[in-house]
Amino acid sequence: MTEAVGFELREAGRGISPGRDLDSLVERVLEAGADVFFRIDSPLGPVFVAVGSRGVTRVDRAGSEEEFCRRYRERFGRLLAPAGKRDLDLAERLAAALAGRRVEVPLDLERMTPFQRRVMSVVRGIPRGEVRPYGWVAREAGSPGASRAVGNVMARNPVPLLVPCHRVVRNDGTPGNYGFSPREKVRLLREEGVPLEELSGSPYTATPNTGVFCHTTCRHARRIRPENRLAFRSPADALRAGFRPCRVCRPAAV
DNA sequence: TGGGTGACGCTCC
DNA sequence: GGGAGCGCCACCC
């Protein structure tokens with residue numbers, strides 16, 4: 001079981017006492033004055049995950065343990081101690097969340113601005129296998145037109161995979177950039193079953209049967225049979241053709 | 001405080 | 001079709 005999540009069975013650091021999950025880990029974090037880190041296999045390969053008293057603070061690709069701890073200390077001003085056997089439940093939950101499954105994992109985004117937190121919350125809600133454009137994220141976060149600012153937030157996402165910034169793409173349906181490289185973004189999206197070729201150039205899909213148009217990866221759009229599909233390049237085009245936006249994926253403001 | 005920056009988006013050519 | 005140029009917005013220094 002432990003091998004399945006790639007969790008390192010290392011004894012806990014100084015001051016860490018027994019506990020079963022996040023609540024008890026929180027108590028121990030507060031006692032020890034140090035946050036706790038895990039090394040877990042993920043779709044990005046092995047990553048370090050740091051957890052503080054309020055939740056996950058950082059996900060980063062695994063280099064050396066020393067380097068991760070040093071950078072964490074510089075950025076957060078806190079020490080890191082390796083998680084222990086007692087933290088297996090949380091390690092498994094983290095592994096599931098990193099793999100894109102819907103698992104409750106608290107995030108500590110205290111250091112972010114209100115706009116950044118709204119963006120993170122919107123992006124966190126994009127389901128596996130679906131993508132949304134930067135402009136849509138900006139609108140849903142309450143700042144229509146701030147798509148470039150959304151890109152800035154994504155570029156500094158402290159918890160990649162847990163906040164799936166790889167599911168945010170350009171308005172024209174092309175993948176756009178990614179912190180770990182655009183190729184990595186494409187790979188992650190393919191693994192999640194996103195039809196990138198179909199998406200590029202026709203990011204919106206409608207059907208005359210209902211008069212509704214969706215983001216092409218919306219779960220409703222993906223049920224439309226090929227012979228009933230109409231592709232659109234923009235919400236404006238779909239609206240002009242007389243379609244109304246889907247109430248689930250909200251491709252346009254109503 | 002204000003100018004520089006950027007994982008964007010739109011228009012023009 | 002695709003690249004250049006510029007606007008936009010939030011954030012940083």
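Heavy-atom basis, side chains included; hydrogens, waters and symmetry copies ignored.
With rounding to whole Å, A:R139 atom CZ is found 13 Å from B:dG9 atom P. A:N177 has its CG atom 12 Å from the P atom of B:dG9, to the nearest Å. One interatomic measurement links the two molecules: CE of A:M154 to P of C:dA10, which rounds to 15 Å at whole-angstrom precision. Atom CD of A:E140 is separated from atom P of C:dC9 by 18 Å (rounded to the nearest Å). One can place CZ of A:R111 at 11 Å from P of C:dC12, the figure rounded to the nearest angstrom. As a whole-Å value, the separation of A:D172 CG from B:dC10 C1' is 11 Å. If you take CG of A:N157 and P of C:dC11, they are 15 Å apart, rounded to a whole angstrom. With rounding to whole Å, A:R233 atom CZ is found 12 Å from B:dT11 atom P.
Residues A:P133 and A:A149 each lie close to DNA chain B; by heavy-atom proximity, the contact nearer the 5' end of the strand is made by A:A149. Nucleotides of DNA chain C nearest to A:R148 and A:Q116 differ in position, and the one nearer the 5' end is that of A:R148. DNA chain C is contacted by both A:P144 and A:R156; A:P144 maps to the nucleotide lying nearer its 5′ end (nearest heavy atom per residue).
Counting any heavy atom pair closer than 4.0 Å across all strands shown, A:G179 reaches a base atom. Using a 4.0 Å heavy-atom distance criterion, A:Y178 is classed as a base contact.
Between B:dC10 and A:N171, a contact under 4.0 Å exists linking OP1 or OP2 to a side-chain N or O. Here A:R170 reaches the OP1 or OP2 of B:dC8: one of its side-chain N or O atoms lies under 4.0 Å away. Put simply, A:S143 has a side-chain N or O that comes within less than 4.0 Å of OP1 or OP2 on C:dA10.
Atom CD of A:E74 has more than 12 heavy atoms from other residues, nucleotides or ligands within 6.0 Å.
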Item to complete: Any chance you could lay out the salt bridge (charged side-chain N to carboxylate O under 4.0 Å, His left out) test for A:E130 and A:R167, step after step, and finish with the verdict?
Response: CA-CA 7 Å; A:E130 299 188 21; A:R167 296 179 194 150; over 6 Å; no
Item to complete: Starting from the C-alpha separation in whole Å, work towards a yes-or-no answer on ring pair (Phe, Tyr, Trp, His ring centres under 6.0 Å) for A:Y72 and A:F48.
Response: CA-CA 11 Å; A:Y72 191 83; A:F48 287 121; over 10 Å; no
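Checking A:H166 against A:E192 by side-chain atom types alone, a donor-acceptor pair falls below 3.5 Å.
In this pair, A:Y204 and A:H215 present their aromatic rings tilted. The plane angle is within the 30 to 60° band.
For A:N152, the listed nucleotide lying nearest its side chain is B:dG6; candidates were B:dG6, B:dA7, B:dC8.
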